[in-house]
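Throughout, protein chains are lettered first and strands after them, A, B, ... in sequence-line order, and every chain is numbered starting at 1. Computed from heavy atoms alone, side chains included, the values below leave out hydrogens, waters and symmetry copies.
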2 protein chains.
Amino acid sequence: MENPTIHDVAHLAGVSSATADRVLNRRGNVASKSIRKVEDAVQKLGYVRNSAAARLSKNKAFRIAFVLPRKDHGFFGRMHLHLVENLSHFRNAGLSIKVFEFAAFDGEALNLTLKNIRSEEFDGVAFVGQQTQEITKTLDALRKHGLTIVSLVSDVPENYRDYYIGIDNRKAGRTAARLIGRFHRGDKGKIILIAGSMDVGDHFERISGFKEVIDNDFPNIELTSTIETFDQPNIMRRELRSRLEGEHSFTAIYNAGAGNEGLVDVLRFLDPQHFVFSITHEISPIIREGLLEGIIDVALDQRPEIEISRALMVFQATNDKVEQPVLPELIPAIYVRDNLPQIQT
Amino acid sequence: MENPTIHDVAHLAGVSSATADRVLNRRGNVASKSIRKVEDAVQKLGYVRNSAAARLSKNKAFRIAFVLPRKDHGFFGRMHLHLVENLSHFRNAGLSIKVFEFAAFDGEALNLTLKNIRSEEFDGVAFVGQQTQEITKTLDALRKHGLTIVSLVSDVPENYRDYYIGIDNRKAGRTAARLIGRFHRGDKGKIILIAGSMDVGDHFERISGFKEVIDNDFPNIELTSTIETFDQPNIMRRELRSRLEGEHSFTAIYNAGAGNEGLVDVLRFLDPQHFVFSITHEISPIIREGLLEGIIDVALDQRPEIEISRALMVFQATNDKVEQPVLPELIPAIYVRDNLPQIQT
DNA sequence: CAAAAAATGATGTACGAACATCATTATGTC
DNA sequence: GACATAATGATGTTCGTACATCATTTTTTG
C-alpha cells in the first residue's frame with residue numbers, strides 16, 4: 001500500500017513529471033487540458049504531497065512575522081514566552097519566526113509595524129490588533145504580495161486575513177453574563193462593567209455579548225456604564241474606586257479587559273460579601289491570587305499558548321501545501337480556584 | 001545561519017559520520033569515549049535532527065494502535081470520528097493508525113485487546129481504560145518490547161505508560177463542586193451524585209474531588225450515595241427516578257459519568273425550579289438540548305478531539321526523535337448554554 | 001506559411017538522514 | 001604473539017520533491 005508519488009500522478013495523467021510538477025506548484029505555462037488531467041490523476045490516486053520530501057528539497061524555512069503587543073503586558077507576555085519555548089520545535093518543522101512588538105491598543109504603532117514588514121523577507125504574518133482603515137489597507141497590500149495573514153485574539157473582516165485564530169468574544173461575554181445572571185437567582189442586581197478599550201474588537205464584543213444576555217434573560221439586573229482602563233492598573237484603581245465611592249448597591253463586576261492587578265487591589269479592601277460574583281479575563285499571578293482568596297470567582301482565559309500553537313500549525317500546513325488539520329473550536333477556559341493550571345502563568 | 005548536519009557533528013567530534021550515526025541512533029558497538037565526543041559536538045553545535053530528512057529516509061510509518069471503547073458510546077464516538085478526520089493529515093506526517101474497539105468498562109475485554117497487539121506490528125499504543133493487575137502486566141510487556149504507551153482519559157501509574165493525555169479528573173470534580181457550592185450562596189443543600197462506574201479511575205477521581213470541596217467549604221450541603229449507571233440511559237432513568245421518588249429536598253445534581261440522555265429525560269419532567277444547579281460531563285446532542293432548555297446548567301467536557309490530537313503529536317515527536325512540543329495543561333471545557341461549540345457534537 | 005510564443009519532455013542535481021556493506025584499525029584474551 | 005572481537009571509517013544507495021536547464025514539439029498570431 002505504497003503512497004503514490006508525483007511520478008505515478010504524471011504517468012496516470014499521461015504527462016511528464018515536469019508538467020505534473022508545474023501543475024502541482026502552480027508554476028504557470030501549462031495548458032488547461034494538462035492541468036485537468038493532472039488534477040484528475042491526483043484525485044484518482046489520492047495523491048498527497050510528501051511533506052517530508054518537499055520540506056527537505058525546498059531547504060528553506062517559511063518565514064513568519066509575529067506582530068504582538070509588548071511583552072510587558074501580562075497576557076501578551078504569555079504569547080511571547082510560548083513562542084520562545086517552541087522555537088526549536090517549529091524551526092525543525094520548517095518555520096522561522098521573528099517577533100515584532102508594538103504598544104498595546106496603539107493602532108498607529110501597529111500599522112507602522114505592519115508596514116515595515118517587507119514582503120520579500122516574509123511568507124506569513126500573524127498579528128494581534130484592532131482594525132482601522134489604514135491597517136486593513138496595509139494588510140491588503142501584504143496579501144497581494146502572497147503573504148499568508150493570520151489574525152489573532154481579535155478578528156478583522158474575512159477578506160483581510162486568511163485565518164482567524166482566537167475565541168468567539170461575543171460568546172465569552174455571554175458566558176460571563178450567564179454565570180453572573182444565574183448566580184443572582186432572581187435577586188435584583190447592579191453590575192459594574194470594565195473593558196481595556198472599547199475600540200478593540202475583542203473587548204467590545206465581550207461587553208456587547210454580556211449586555212445581550214443580561215438584557216434578555218435577567219430583567220432584574222441593571223447594567224452601568226463601561227469603565228475603560230487600557231489594561232493599566234493605575235487607571236483601573238482610580239476609576240473603580242471612584243465608581244464604588246459611597247455606592248453600595250453593586251452586586252457584581254465583569255472585567256472584559258485583560259487580567260489586571262488593579263482590580264484585585266481594589267476588591268481586596270472591600271467587604272468580601274460585597275459582591276455576589278466577579279468575573280475577569282485572562283489569568284495572571286495576581287488574578288490567580290484573587291481566585292484563591294475568593295475575591296474573584298471566575299477568570300475566563302483564552303489560553304494564548306494554544307492560540308500561538310494553532311497559528312504555527314496553520315503556517316505549517318500552508319508551507320507544506322497540505323490540508324489544514326481538523327481541530328475543534330477554540331473556547332476560553334473558565335477558571336475557578338479549583339482548576340487553576342499547574343504552571344505559573 | 002545554516003542548520004548543522006550530522007556531518008558537521010561528526011567533523012567536530014573527530015569521528016566519521018558513520019560513527020556519529022551509530023551514536024545518534026543508538027546502534028551500539030561504539031566506544032563510550034566516542035559517544036561522549038559526539039554528544040559534546042551535538043551540544044556545541046545545537047544539532048537537531050532534520051526530521052524531514054529522517055522521515056523521508058526511513059520511509060516507513062510509525063504504527064500506532066488506538067484501543068478505544070466502542071464508538072456507539074457517544075463520548076468515545078467523538079474520538080473515533082476525530083481520528084478518522086485527521087487520518088490523511090497524520091499519514092502524511094509519518095504515522096499510521098489502526099483502531100481497536102472494546103466494550104466500555106469491561107476490563108477483561110480491554111486486556112484481551114491489548115494482549116492481541118503484536119509488538120512486531122506496532123510502534124506505539126494509545127488506550128483508554130481502567131487499571132487492573134492483568135492490564136498493567138500486559139502494558140509492561142508491551143513497553144519491554146519498546147512500544148511507546150500513551151494512556152488516554154484515565155491515567156495508569158507512571159511506570160506503566162510513557163505519557164498520560166487527559167484532564168486532571170480530581171480538579172474537574174472540584175470545579176463542579178465549587179460551582180454548585182457557590183450557587184447555593186449559603187443555603188442548605190442536598191446533592192445527588194452519579195457516576196458511570198466507580199471502578200474506572202476518572203469517574204472515581206471526579207467524585208472524590210467533588211466530595212473534598214463540598215466537605216471542606218460547604219458544610220450546609222449534604223451528599224448522598226453515588227448512583228452507578230455504567231453510562232447506560234436505562235439504568236440512569238431507573239435509578240434516578242427511584243432516588244427522586246417522594247423526596248423533594250434535593251437541590252443539585254452532579255453526574256460524573258459521560259453525557260447521558262437518561263439524565264435529561266428524567267430532569268425534563270421535574271419542576272424546572274426543582275434544582276438549584278445541575279452539572280454533567282461530556283457534551284452530546286442531548287446534553288446540548290438540556291443546556292439550551294435550561295434543564296442542565298453546566299456541562300464539563302474534556303474535548304476528546306484535542307486529546308486525540310495531542311496523542312498524535314506525542315507519537316509524532318517520538319517518531320521524529322525530537323523534543324516533545326511544550327503545550328499547556330489540558331483542562332475540561334465548561335459549557336453553559338451560551339458558549340456551546342458550533343459543530344454538532 | 002513563417003515566426004513567435006507557449007507548452008512539454010528529458011534529464012540531472014540537491015536536500016539530510018537512514019541504513020547497509022566491507023575493509024581496516026584498535027583492543028582484549030589466552 | 002596469535003587470534004577473536006570490538007570499534008571505526010569509507011563509501012554508496014535510497015527516500016520524494018523542488019527546481020533548473022535545454023531541447024523539442026505544439027499552438028498561436030499576423
Side-chain angles (χ1 to χ4, degrees), chain A residues 1-39 41-42 45-62 91-94 96 123 318-322, chain B residues 1-39 41-42 45-62 91-94 96 123 318-322:
Chain A
M1 213 54 199
E2 292 286 291
N3 286 341
T5 74
I6 194 174
H7 291 98
D8 300 327
V9 170
H11 186 253
L12 180 62
V15 300
S16 72
S17 60
T19 297
D21 171 68
R22 288 183 183 109
V23 173
L24 290 175
N25 293 301
R26 300 171 209 290
R27 301 191 200 282
N29 282 344
V30 186
S32 47
K33 200 179 64 178
S34 300
I35 296 182
R36 214 169 317 116
K37 283 194 293 183
V38 170
E39 281 171 350
V42 165
L45 292 175
Y47 168 79
V48 180
R49 182 190 313 257
N50 181 322
S51 60
R55 219 181 281 159
L56 178 60
S57 170
K58 259 207 287 241
N59 197 29
K60 65 179 179 195
F62 188 90
R91 186 188 49 167
N92 195 244
S96 90
D123 306 301
T318 303
N319 185 31
D320 289 346
K321 289 181 191 148
V322 149
Chain B
M1 213 53 198
E2 293 288 289
N3 285 340
T5 73
I6 194 173
H7 291 97
D8 301 326
V9 170
H11 186 251
L12 180 64
V15 300
S16 72
S17 60
T19 298
D21 171 69
R22 288 180 183 111
V23 174
L24 291 175
N25 292 299
R26 302 171 207 291
R27 300 190 201 283
N29 280 344
V30 185
S32 47
K33 200 178 63 178
S34 300
I35 296 182
R36 215 169 318 114
K37 283 194 292 183
V38 171
E39 280 171 351
V42 166
L45 293 175
Y47 168 79
V48 181
R49 182 190 314 255
N50 181 322
S51 59
R55 221 181 280 160
L56 178 61
S57 167
K58 259 207 284 241
N59 197 28
K60 64 178 180 191
F62 188 90
R91 186 189 50 168
N92 195 245
S96 88
D123 305 301
T318 303
N319 185 31
D320 289 345
K321 290 180 191 150
V322 150

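- Rounded to whole Å, the distance from CG on Asp21(A) to C1' on dA7(C) is 14 Å.
- In this structure, Arg36(A) atom CZ and dA7(C) atom P are separated by 14 Å, rounded to whole Å.
- Distances shown here put every side-chain N or O of Asn29(B) at or beyond 4.0 Å from the OP1 or OP2 atom of dA6(D).
- Atom CD1 of Ile6(A) and atom P of dG16(D) are 12 Å apart (whole Å).
- Counting non-hydrogen atoms under 4.0 angstrom, Ser51(B) reaches nothing in the nucleic acid.
- Considering only side-chain N and O atoms, Tyr47(A) lies under 4.0 angstrom from the phosphate OP1 or OP2 of dT17(D).
- Nearest heavy atom pair, residue Pro4(A) against residue Leu45(A), reads CG-O, 3.6 Å.
- Position along DNA chain D of the nearest nucleotide to Lys58(B) versus Ser57(A) favours Lys58(B) as the more 5'-ward residue.
- Asn50(A) and Arg55(A) form no side-chain donor-acceptor contact under 3.5 Å, judged by distance and modelled atom types alone.
- Between Ser17(A) and Ile6(A), the shortest heavy-atom distance links the atoms O-CD1, 4.4 Å.
- Side-chain atoms of Asp8(A) come within 3.5 Å of backbone N or O of Thr5(A) as a donor-acceptor pair.
- Straight-line distance from the NZ atom of Lys37(A) to the C1' atom of dA7(C): 11 Å, rounded to whole Å.
- Counting only heavy atoms from C-beta on, Asn50(A) has its side chain closest to dG16(D) among dG16(D), dG16(C), dG9(C).
- Rounded to an integer number of Å, the gap from Arg26(A) CZ to dC19(D) C1' is 17 Å.
- Between Lys60(B) atom NZ and dA17(C) atom C1' there is a gap of 14 Å when expressed in whole angstrom units.
- The phosphate of dT8(D) has neither OP1 nor OP2 within less than 4.0 Å of any side-chain N or O from Thr19(B).
- No contact: His7(B) has no heavy atom under 4.0 Å from any strand.
- Checked against dA10(C), dT8(D), dT8(C), the side chain of Ala18(A) finds its nearest nucleotide in dA10(C).
- Rounded to an integer number of Å, the gap from CG of Leu56(A) to C1' of dA18(C) is 12 Å.
- Atom-to-atom, CG of Asp320(A) to C1' of dG16(D) comes out at 13 Å; the value is rounded to the nearest Å.
- Applying the 3.5 Å distance criterion, the base of dG9(C) shares a donor-acceptor pair with the side chain of Arg22(A).
- The existence of a salt bridge linking Arg27(B) and Asp21(B) is confirmed by a sub-4.0 Å separation between a basic side-chain nitrogen and an acidic carboxylate oxygen.
- For the pair Asn59(B) and Gly28(B), nearest-nucleotide mapping onto DNA chain D gives the more 5' position to Gly28(B).
- At the heavy-atom level, Asn25(B) lies under 4.0 Å from the strands shown only through sugar-phosphate atoms.
- For the OP1/OP2 pair of dC19(C) and a distance below 4.0 Å, the side-chain nitrogens and oxygens of Arg27(B) include at least one atom meeting the criterion.
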